[in-house]
Amino acid sequence: MGDKEKKEKDKDPSKSDRVTLKKEIGLMSACAIIIGNIIGSGIFISPKGVLEHAGSVGLSLIVWMLGGGICTLGSMCYAELGVTIPKSGGDYSYVTEIFGGLVGFLLLWSAVLIMYPTTLAVIALTFSNYVLQPAFQNCLPPYIATRLLATICILFLTWVNCSSVRWATRIQDVFTVGKLLALALIIVVGLVQICRGHYDALRPSVAFEFSGDPSVGQIALAFLQASFAYSGWNFLNYVTEEVVEPRKNLPRAIYISIPLVTLVYTMTNIAYFSSMTPEELLASNAVAVTFGEKLLGIFSWVMPISVALSTFGGINGYLFTSSRLCFSGAREGHLPYLLAMIHLKNCTPIPALLVCCIATIIILCIGETHNLINYVSFINYLSYGVTIAGLLYLRKKRPHLHRPIKVNMLIPISYLIFWAVLLCFSLYSEPVVCGLGMVIMLTGVPVYFIGVHWKNKPKWIYRVVERVTYMGQKLCFVVFPQEDPSETEPLTASKVND
């Protein structure tokens, strides 16, 4: 240690000993987190569902473009919330701050119980299926083999995230570039096909030929299918406390990433239709692989590998961000306090990462993951709307709160109008799926009142919790982090002024 460092430590002893989440996410890594979380398995799975519900090629392309536009509106609202309430945890932290503990807990409950473990399980299974496909060309990979490989993938990436924030972000950077290159290959090959005159399905006279009578309900379901491919656009808000200069880099990353993903998704779908008829696309369970088999010849193996790499990066991104949600929930007292602790040296939330890992493996063992995706999409959209409604409520309740970014009121209002129409028609078209999504969320109400709201529990319960927390601390070598005052002072000061 040099003389200068010794002097700084003498002036502020707590500075060198402070254990906090490390700020190692710069602008490039922030963009990689958004793009890497959005581009997972969705663009290789959802085109079939969007086309099926839209009923025509032209309308499906419009759904993809409008879906990106709606995400852009939502992300602008999240940019304001992210710099106004600079806490990790995303939707949960904002809703808890604005509406109180119960509403925040319901979002946390549905996310930890179903949303993120299920999404992680589906992406991990997609990864294992594509990796194993070359070895089982004439049949489906064995059930046990796909589950085992998916579990190994989850365990490996959990270890990486427990070991170092820098390693996790570097993996995200590399695999984000890789998946963009894979989609660029699809787009370039598609454009070559279009230049050769192979664009019959894209001609306006053909593109808007509907296979059946279009309905508003079916179009709403097409948007829900597209929303699965776009899900993850708000994930940078889950790691706000680890972003370098979040008030600058958070909005910049959002404004760069969402339009880029929208362009890539739209061009990828155009490329699909340049070589595949709507009937072929609807008959395919792996659109990118079918595309590669038709156009890449002996290099068709590139597509399964590209999808596998894309999903591997997606798993890493979901683990990185969902663990921070558990961390934030525990810090607010809505989950066991052990989950709010970070490693003494690596400054990573190891207990929260282990919980996410274990929950995902349990969902993998259940086997019905694809059926749960419908519930996940509905809960996802519901949480987006509640959060953005909170932005409007916060504007009215605390008008003098310091807001480094302040979006035009038409942006959240436009998003909420679209959100309300979409959810109403989705509920009308799929009442069982949407109803069960609501039931899953509302099961958290009794859990909240028993586990959180009830303060005078028997002493033996507190002793058991303390014992488990102590054992967990020794096992994981974790402590409570100290907050960075520079990030929380503006919010605290605004509370005092209000």
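Both backbone and side-chain heavy atoms feed into the values below; hydrogens, waters and symmetry mates do not.
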Self-check item: Shortest non-hydrogen separation from Cys326 to Ala352 and the atoms involved
Solution: CB-CB, 3.8 Å
Quiz item: Are Ile315 and Cys153 side-chain neighbours, meaning at least one heavy-atom pair lies under 4.5 Å?
Solution: yes
Practice problem: Please name the pair of heavy atoms, one in Gly68 and one in Thr262, separated by the smallest distance, quoted to 0.1 Å. | Solution: CA-OG1, 3.2 Å
Quiz item: Quick one: does Tyr94's side chain get under 4.5 Å of Leu394's, heavy atoms only?
Solution: no
Self-check item: Short side-chain to backbone donor-acceptor contact, Thr311 and Ala308, under 3.5 Å
Solution: yes
Exercise. Please name the pair of heavy atoms, one in Thr96 and one in Gly104, separated by the smallest distance, quoted to 0.1 Å.
Key: OG1-CA, 3.4 Å
Quiz item: Does Ile440 offer a backbone N or O that forms a donor-acceptor pair with the side chain of Thr443 under 3.5 Å?
Solution: yes
Quiz item: Salt bridge between Lys406 and Glu80, side-chain N to carboxylate O under 4.0 Å?
Solution: no
Quiz item: Do the non-hydrogen side-chain atoms of Thr387 and Leu391 ever get within less than 4.5 Å of each other?
Solution: no
Quiz item: In terms of heavy-atom contacts, does CZ of Phe99 have more than 12 from other residues, nucleotides or ligands at under 6.0 Å?
Solution: yes
Quiz item: Is any side-chain heavy atom of Arg147 closer than 4.5 Å to a side-chain heavy atom of Leu125?
Solution: yes
Exercise. Please test Val244 against Leu27 for side-chain contact (heavy atoms from CB on, under 4.5 Å), starting from the C-alpha separation and ending with a verdict.
Key: CA-CA 8 Å; Val244 178; Leu27 180 60; over 6 Å; no
Quiz item: Any chance the side chains of His334 and Tyr92 put a donor and an acceptor closer than 3.5 Å?
Solution: yes
Self-check item: Value rounded to 0.5 Å, distance of CE in Met341 from OG1 in Thr348
Solution: 14.0 Å
Quiz item: If we only count heavy atoms from C-beta on, is the Phe327 to Leu339 side-chain gap below 4.5 Å?
Solution: no
Quiz item: How long is the span from the CD1 atom in Ile35 to the CG atom in Leu236, to the nearest 0.5 Å?
Solution: 11.0 Å
Quiz prompt | For Ala54 against Leu59, the heavy-atom pair lying closest together | solution = O-CD2, 3.4 Å
Practice problem: Determine, stepwise, if the pair Tyr78 / Trp233 fulfils ring-ring contact (aromatic ring centres under 6.0 Å, His included). | Solution: CA-CA 10 Å; Tyr78 272 66; Trp233 55 264; 5.0 Å; yes
Quiz prompt | Separation between SG of Cys162 and CG of Leu157, rounded to the nearest 0.5 Å | solution = 11.0 Å
Quiz item: Quick one: are Tyr448 and Leu106 in side-chain contact, heavy atoms under 4.5 Å?
Solution: no
Quiz item: What class does the angle between the rings of Trp64 and Tyr265 fall in, given that below 30° is parallel, 30 to 60° is tilted and above 60° is perpendicular?
Solution: perpendicular
